[in-house]
Each structure stands twice: as structure tokens, then as C-alpha cells.
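Note sheet for the following structure.
Lettering follows sequence order; numbering is per chain, from 1.
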Number of protein chains: 2
Amino acid sequence: MAKILVETSARHIHLTQEDVYKLFGEGHELTKKKDLSQPGQFSCEERVTVVGPKRELANVSILGPVRKASQVELSATDARSIGISAPVRESGDLAGSAGCKLVGPAGEIDLAEGVIVAKRHIHMTPEDARSFGVRDKEIVKVKVDGTGRALIFDDVVVRVSASYSTAMHIDTDESNACGGATSGEIVK
Amino acid sequence: MAKILVETSARHIHLTQEDVYKLFGEGHELTKKKDLSQPGQFSCEERVTVVGPKRELANVSILGPVRKASQVELSATDARSIGISAPVRESGDLAGSAGCKLVGPAGEIDLAEGVIVAKRHIHMTPEDARSFGVRDKEIVKVKVDGTGRALIFDDVVVRVSASYSTAMHIDTDESNACGGATSGEIVK
């Protein structure tokens, strides 16, 4: 079976345009720093502080472009360290997720919800989905082989779109748990 | 197959008697706070600060009794956060591992080595080893099923001793990666 690229997502934030204005000033547009593997997605020069009841995380990355809802993606280690109990969720599934405060140079906002631990997932092109024999929303297992910590991730959701580049995304806890693996193989 | 208890080890330190003296004062003996699942092992009232090149971790637990070599067990998230590159190792396999500074109320010590990320392992009684059909030092897979993050850990080393109570130990990164599973099943 062909290998899939495995990428580790560090903690990051997606913002609405309105929240960009509140944090960085009226009329502010996000400044692209670097393109990411997913077409059209980019990391930004702007940073914010994520504040929880116990502690805060400074200099957290923002990913662009702006979205319809602001979303904070933390590792479970991060969330616990700042005193937040964030659920494992797919991107965009924010109802009843955790809240936090975001602090930027021009202002701050209280998010009532939007803080999640990202559910591990594979972005996949329709061509690759056919080739791997998997469908959109299918749950698969992925075998990875990092240094001294090989494992098989279950509960990996496949998301198929022509706008994607094929890559599996895991968070820093998951990356550490598998010894920093950078490729994997779907196993049935 | 019978289930195995899975326990999560938070960051902790084992100390030599000599290092206890350096950190807490000449003649000081570790004060037991709570017995752990492994017979004879206990957490202590004493705490130390682990200092790396970038940052420090305050209030790190000490586990007793004292050992022949001091050893600091961090998650990979912890190690990276304080600027240390610690290898995945079995307990006691410290040659060439990472160093750090430890600061206690009576003094500090520079460990040239001893900082590791613990290799996941199962403490097992000889009776359970026979029942599970595994041997000392055997590498096995363990299937766990935490909330939304089921996975199968590979590279799990079995350690068999009559002085053990049967339990698998994983670190906080691994626990977060498997949704906080508390039991598992050896799969062949």
C-alpha cells in the first residue's frame, strides 16, 4: 500500500474577519507568512495569546484565510496546562466545545466555544481516495513507524475533496506518541 | 483476551540518596506521600524544579525509594518545552541521554545525563506472563480504546518480575493520543 504523508499540527487558531478586527484593529487583514500543504491555507505573521483559567499560551499561530467561525486547536497537553477541558472534535464541529479568551495587540475577545483538540484526519484527493479504496467520512486505521514508538492510529477520519492535497494531520501529543513519524500506511 | 490496566505516568524524578542530600539537605530522607501501583514504589511530598536551556518545570514529583542513578522522566512535550532533546529509553538505560539542572530547597545539581522519555512498557507478574503467553523483554502490541482516539500501541516492552503488579505505563503524550484510555488488550 502506498505511503501517506503525516504532518504534525502545532497549536493554532482560525479566526473570523470580525475577530481579526477585534484582535488586530479595524480593517486589519491577515498577513501571509508561509503556504501550508493544503492548497490556499497559510500561516500568518500575526500571533495571539490564548488565556485559560490557569495559565496562558503566548505567541500562538494564526492560520488563514479567515473562516466563518473562530476555532482554537490545542493539544490535550496544552488544554490541560491552561485549565481547559477541550473535546476531541473534527474541525468546524464546535457546538458545546470549550471556551477561552484570546488577546491580541488591539483588543481581546471571549470565545464562548471554539476550543477543540483536533480529531486526527486525512485530507485526501478524490483520485487518492479511489486508489486507496476509501470514502469521505470513512474511519480508517493508519500504521506509522516513528523512532521506538511505532503504533497504529485508529479513529482516523478521511475527508475527501478536490481542494485538498493528500496528507494525514495529527497533533503534537499524537506526534510525540508515535516518535515523530512523518509517513503512514492505511491498514484495513 | 483479558484486559490490562493502563496507567498514565506524569513527569517525575527518581533520585539517588546522594542527590536527595544535595537538593534537600544532608541527612534528608524522602517523605512518602502515596503508594503507587507497583509494590514498594511511592510518590513523595518533596518537589523539585527541572531546568532546561529554554524554560523550567516547577513542582515536579519525586518517586521513591531512592535509586542507584538519578533519572528524570518527561513527556516529549515537556522536554521540547524546556529546550531538551530527550531520547525514548527504558528506565535505567541512561547512557548518552539528555542532561538538565535540578533545583531543590537546599541546593541544585547538574545532571550530565538521566533525562529520558520513558519507553512504554508493561510491568507483569510471572503468572500473568504465562497467562498472556509473553516473555520478559518481549515487544508486544496493545489495543486501547479511549474517547474518539482508539489506537494500537506497538513497541510496548514487557517486563516480568515477581515484584511487579501487572500494569501498562504510558506517558501523558501517549495518554492524550489515545483519549485517556485506562485499559488495554495485548494483540498479536
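Considering every non-hydrogen atom in both A:Ala177 and B:Arg120, the closest pair reads O-NH1, 2.7 Å.
Taking CG of B:Asn176 as the start and CD of A:Glu174 as the end, the distance is 9.0 Å to the nearest 0.5 Å. Within the model, atoms CG of B:Asp154 and SG of A:Cys178 stand 12.0 Å from one another, a figure rounded to the nearest 0.5 Å. Between the CG atom in A:Asp145 and the CG atom in B:Asp155 there is a gap of 7.0 Å [rounded to 0.5 Å].
In terms of hydrophobic clustering, with Ile, Leu, Val, Met, Phe, Trp and Tyr side chains grouped at heavy-atom distances under 4.5 Å, B:Val187 and A:Val187 are assigned to a common cluster. Under the 4.5 Å side-chain heavy-atom criterion for Ile, Leu, Val, Met, Phe, Trp and Tyr, B:Ile13 and B:Ile116 are members of distinct hydrophobic clusters. B:Val160 and B:Tyr164 fall into different hydrophobic clusters, where Ile, Leu, Val, Met, Phe, Trp and Tyr residues are linked whenever their side-chain heavy atoms come under 4.5 Å apart, directly or through other members. Side-chain heavy atoms closer than 4.5 Å link hydrophobic residues (I, L, V, M, F, W, Y) into clusters, and following such links, possibly through other members, connects A:Val134 to A:Phe153. In this structure, B:Leu151 is a member of the same hydrophobic cluster as B:Val140, with clusters built from ILVMFWY side-chain heavy atoms closer than 4.5 Å.
Of residues 65-94 of chain A, those residues lying under 4.5 Å from chain B by any heavy-atom pair are A:Ala76, A:Thr77, A:Val88. Contacts between residues 15-37 of chain A and chain B, counted as heavy-atom pairs separated by less than 4.5 Å, involve no residue at all.
Atom CZ of B:Arg55 has more than 12 neighbouring heavy atoms from other residues, nucleotides or ligands inside a 6.0 Å radius.
Contacts between B:Arg149 and chain A at a heavy-atom distance below 4.5 Å involve backbone atoms as well as side-chain atoms.
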